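Letters A, B, ... mirror the listed sequences (proteins, then strands); counts begin at 1. Just so it is clear, the structure is predicted and the values come from calculations on it, not from any experiment.
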Protein chains: 2
Amino acid sequence: MKATRKSTEEKLLLAARRLFCRAGIHATGITRILEEAGVARGSLYTHYGSKENLLKAVFDTEANMWFHWFDLDLPGLKCSARERILALFDLLEKWFEKEDFFGCVFINAVAEHEKDSAWVKDVAVTYRDQIIGRLGALVAESGAKDPDIVTQKLGLIIEGAIVTAMVTQNSQAAHIARLTAEDILRCMECSPSLPEGSASSATAAAVESA
Amino acid sequence: MKATRKSTEEKLLLAARRLFCRAGIHATGITRILEEAGVARGSLYTHYGSKENLLKAVFDTEANMWFHWFDLDLPGLKCSARERILALFDLLEKWFEKEDFFGCVFINAVAEHEKDSAWVKDVAVTYRDQIIGRLGALVAESGAKDPDIVTQKLGLIIEGAIVTAMVTQNSQAAHIARLTAEDILRCMECSPSLPEGSASSATAAAVESA
DNA sequence: TCAACAATAGACCGATCAGTCTATTTTTAT
DNA sequence: ATAAAAATAGACTGATCGGTCTATTGTTGA
């Protein structure tokens, strides 16, 4: 644990990350970031140049959190791939429990920016692909029969847990997600579709006519 | 199918809903809504009084979409509760496939507004509770052993599907969510925790020390 | 000690925002 | 046909925003 004084850059980054998630990016003015960081107005522009670049830097730190989980924390557990997948949800729970957790900055940023041809969405999707890729490697290592589907299922419940935790402000979402992950893993080697067979397409057709 | 001319109120509501989701609420100026709706500036304020009230009206329409699904579309299928639960994901898929789907206005609004003591979050949570309540009734009707947990699992993957579809712009998320729902329902009557038993707490303890 | 640099406070700018207002035209109901 | 109501275009306001600039104060290394 280094006792080095927090640099001006770090102070800005932490305040921005916190405020962007807690109050929204557009709703957060430069002045508020500077107040919370305890930094002068000019320093923001010497270090980052613009609010947009500061947001990019916040994206990087959030991505690094995920990469740290997948590349350092989980491999350090030295247990089976299946157990490491489940341990990911314990990491999520610890994240949700932080007093300054207010959702995922990628998801929140995409939500409040243009969905067509905006750099925000492109960066978010790029990082998402890298995270899902690491998750996929874990799933493949676990010996799943259909690793791609399992990975997509797990990715979906991770995003669901993040949003549920953000909206309900309850870290229990991680536990529910873990239970769901256990269901997915338990069904991993079973038949890929429902035993009832034709029921799936029957309801789909009925909905189509609604 | 009524051929009644769209009222000024409706035109504003539709344009606002579309733009709030596609470009974000803060990023969408009044002027842009008026242009897209083809409505004069003053009319917005005679009908809604403020941008905030317009957002509230958009919330109502989105909630009514969900209520229509649960109270009219799904009961109209006249099939088992289990099949109606799965049919919900087909409705989701149809929603995601719409050319003007850009996420859920509740989730997006919460993402870009203050998370502490803001009316936006309160309204979103209230509507969410009503929707989850209807989902819970469906789960209870299906005879689940632990209906509350199953409901939370299903609610989580619904939110996950919405966010995944928003970020990836791919309606396939609904299909993945349906497959996951099938896993949940299949495990519904099995043992509530992993057969491996102590593995769960073992990884949790290991993560705790990370 | 002193020069080079980093950080500070805060005035300032142009742009944009939500919202108001007026004067005019269109629609509606009788 | 006509009066009342609704919708229109667009100028306008005060506030806020991101970003720039200047003058001053600490800080650091030789």
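Contact annotation for B:S7: no contact, since no heavy-atom pair falls under 4.0 Å across all strands. Across all strands shown, B:H47 has heavy atoms under 4.0 Å from sugar-phosphate atoms exclusively, and none from any base. Looking at heavy-atom distances under 4.0 Å, A:S50 makes contact with sugar-phosphate atoms alone, never a base.
Residue B:T8 has a polar side-chain atom (N or O) positioned under 4.0 Å from OP1 or OP2 of D:dA7.
Nearest nucleotide to the A:I30 side chain, out of C:dT8, D:dG19, C:dT20: D:dG19. Each of D:dA7, D:dG10, D:dG18 was ranked by its minimum atom distance to the side chain of A:K51; first place goes to D:dG18. Comparing D:dG18, D:dA7, C:dG19 against the side chain of A:Y45 picks out D:dG18 as the nearest. With C:dA18, C:dG10, C:dA7 as the choices, the nucleotide that has an atom nearest any side-chain atom of B:R41 turns out to be C:dA18.
Salt bridge status for B:R22 with B:D100: absent, with no side-chain N to carboxylate O gap under 4.0 Å. No salt bridge links B:E36 with B:R32; every basic N to acidic carboxylate O contact stays at or beyond 4.0 Å.
The CD-P distance, from B:E52 to C:dC17, rounds to 18 Å in whole Å.
To the nearest 0.5 Å, atoms CG (B:L88) and CG (B:L154) are separated by 8.5 Å.
The backbone N or O of A:V105 lies less than 3.5 Å from a partner atom in the side chain of A:E62, making a donor-acceptor pair.
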